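Worksheet: the structure to be examined is printed underneath.
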Amino acid sequence: MAAETRIPQRQISAEEIVERCLYALVNEGARILEEGYALRAVDIDIIYLNGYGFPAYRVVPCGMRTPLD
């Protein structure tokens, strides 16, 4: 399909995929803060860690560093 429509293709690295996913989480966190559903970014990070199982060995999206870093 891309060849038929002459859309150029490129390789996307695993790192870029992870970054794009993290940006989506950060943007959603900003919306949550803006709408007043959470008071602080750390509140959202706690949900990502404990509610969604975000890996604790990574820096969580809204900036709270975990003890394992």
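Because the structure is a prediction, the values reported are computed rather than measured. Below, each value reflects all heavy atoms present in this structure, side chains not excepted, and no hydrogens, waters or symmetry copies.
- Here the shortest heavy-atom pairing between Ala41 and Leu33 reads N-CD2, 3.9 Å.
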| Would Arg31 and Glu28 satisfy salt bridge (Lys or Arg N to Asp or Glu O under 4.0 Å), going step by step from the backbone distance to the final call? | CA-CA 5 Å; Arg31 285 189 203 106; Glu28 190 59 32; 2.8 Å; yes

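- Placement of Tyr52 and Ile32 within a single hydrophobic cluster is found when ILVMFWY residues are connected by side-chain heavy-atom separations under 4.5 Å, directly or transitively.
- Residue Ile44 is not grouped with residue Tyr23 when hydrophobic side chains (ILVMFWY) are merged at heavy-atom distances under 4.5 angstrom, including chains of intermediate members.
- Side-chain heavy atoms closer than 4.5 Å link hydrophobic residues (I, L, V, M, F, W, Y) into clusters, and following such links, even through other members, never connects Ile17 to Leu25.
- In the hydrophobic cluster analysis, where Ile, Leu, Val, Met, Phe, Trp and Tyr join through side-chain heavy atoms closer than 4.5 angstrom, Leu39 is grouped apart from Tyr48.
- At distances below 3.5 Å, not a single donor-acceptor pair connects side-chain atoms of Asn27 with backbone N or O atoms of Ala24.
- The 12-atom threshold is not exceeded at CD of Glu15, counting heavy atoms of other residues, nucleotides or ligands nearer than 6.0 Å.
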